[in-house]
Number of protein chains: 2
Amino acid sequence: MTGRARRSADDRRAQLVQIGLELLPTTPVQELTIDEVARRAGISRSLLFHYFPSKRDYYAAVTRAAAELLWAHLLPRPGTPGDGSGVDGMLDRYVGWVETFRETHLAFVRGASGGDPWVAEVYAETRDRLVEVGLRTLGLPDDARRRQLVLAFFAFTEDLVAQWVLEPTMPREELLALLRDVLDRLLPR
Amino acid sequence: MTGRARRSADDRRAQLVQIGLELLPTTPVQELTIDEVARRAGISRSLLFHYFPSKRDYYAAVTRAAAELLWAHLLPRPGTPGDGSGVDGMLDRYVGWVETFRETHLAFVRGASGGDPWVAEVYAETRDRLVEVGLRTLGLPDDARRRQLVLAFFAFTEDLVAQWVLEPTMPREELLALLRDVLDRLLPR
DNA sequence: TAGCTTGTTGATCGTTGCTCAGCAAGCCGA
DNA sequence: TCGGCTTGCTGAGCAACGATCAACAAGCTA
């Protein structure tokens, strides 16, 4: 043979996670098989288990990567000043994220709530970080009650935006205004 | 042997679904194995496949049973007049349902959003029925926009109540008032 | 060239979803 | 009592998948 491609550990790891990210949108989390990932990477199953001790670890890594993408997309970009840093900006970017990466995002959310505790933990971490940033942006103290309300507001937003993208029953601006209105209602300043 | 217990088809079916309902709260949906169910029922795996063509069909049947329980609990009871028939009554009963059957309810919701399309369909049916009843109870027309909002409100309620049950950050009455307030805000009369 | 590190594989195992041929329990008519 | 029918039920076995392990080989360094 012409010699197998021998990659560095980091390279291989990144490649495998990347394949997971590409497969995630089209494949239900539970149907994503190690065999398929290994086949796409052109390696044996054994090697994947060398980098990730178990299937769960692999899924968790992929989920974490997806969360990082979302996170990076939600933060205000330094290059885009103006309405970037407020809550309105974050809501706007969130809707934009779902509009652009709808499949990936739904897979992320579903995979998170679907069974596996390790994956759910990654999702919970991301949500917690978002709550923290959200409350800070709103200039409100971070207590248990507000945390619950913000988390529930996320659930509301996720559900509504996911539906709205499929069937836009109102203008984009109205959706954003409605979300902002509900949030203000829940957390009066 | 003393002769195996030979049941009628309906009996056996009901027994298997019942075992699923009992196992659901303590076992993540994906870890629930046919072997375990068959063992608890004292039958062979083969027989379970005789009644349910596939694992999915079995899960769907169990999920449907759980949905029926929820549904029956949410409808106003004829014997309990007073505040039973309005939206407040339904919200009250929903909170009560989650308080009492928290584990089962979380398992129901998670199982619904976790991967399997057949199970998700059962969940979607239940939600649709609830939206219909909700809008009718509110005396509002049933259009696409309102449907989306009510569904998103369900997501909000599910999330908030699930958290609140674990850590009650406000009195029960305040929770109910808040839910009602948000609903009125979303669907002004 | 020898030797070490480490990326990589093939053989193999246990579990699990699923199939299939056939057994056996109960009921019926003669 | 006997034969025959329906149908609840089983056991052997297959394919797919997650996971393990001993061993090979690519590339660097001395």
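A, B, ... follow the sequence lines: proteins, then strands. Residue 1 opens every chain. Worth knowing before you read on, the calculation uses all heavy atoms, side chains too, and leaves out hydrogens, waters and symmetry mates. A quick note: this is a predicted structure, and the numbers were derived from the prediction, not measured.
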Between [X] and [Y] (salt bridge meaning N to carboxylate O under 4.0 Å), is one present in this structure?
X: Glu132(B); Y: Arg129(B); result: no
X: Glu174(B); Y: Arg145(A); result: yes
X: Arg56(A); Y: Glu31(B); result: yes
X: Arg180(B); Y: Asp184(B); result: yes
X: Arg185(B); Y: Asp181(B); result: no

Original post:
Which letters describe nucleotides 17-22 of chain D, given B = protein heavy atom under 4.0 Å from base, S = only from sugar-phosphate, - = neither?
Top reply: SSBBB-
Original post:
Could you write nucleotides 1-7 of chain C as a row of B, S and -, 5' to 3', where a protein heavy atom under 4.0 Å of any base atom gives B, of only sugar-phosphate atoms gives S, and otherwise -?
Top reply: -----BB
**OP:** Just say parallel, tilted or perpendicular for the rings of Trp97(B) and His105(B), cut-offs at 30° and 60°.
**Re:** perpendicular
Original post:
Can you say whether the rings of Tyr58(B) and Phe52(B) are parallel (under 30°), tilted (30 to 60°) or perpendicular (over 60°)?
Top reply: perpendicular
**OP:** For Arg39(A) and dT9(C), give me the distance from atom CZ to atom P, rounded to whole Å.
**Re:**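 In whole Å, dT9(C) P lies 15 Å from Arg39(A) CZ.
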Subject >> Rounded distance in Å - CG (Leu48(B)) to P (dG17(C)) >> reply: 10 Å
Original post:
Are side-chain N/O atoms of Gln15(A) and Asp11(A) paired as donor and acceptor at under 3.5 Å?
Top reply: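 Checked: Gln15(A)/Asp11(A) side chains show no N/O donor-acceptor pair below 3.5 Å.
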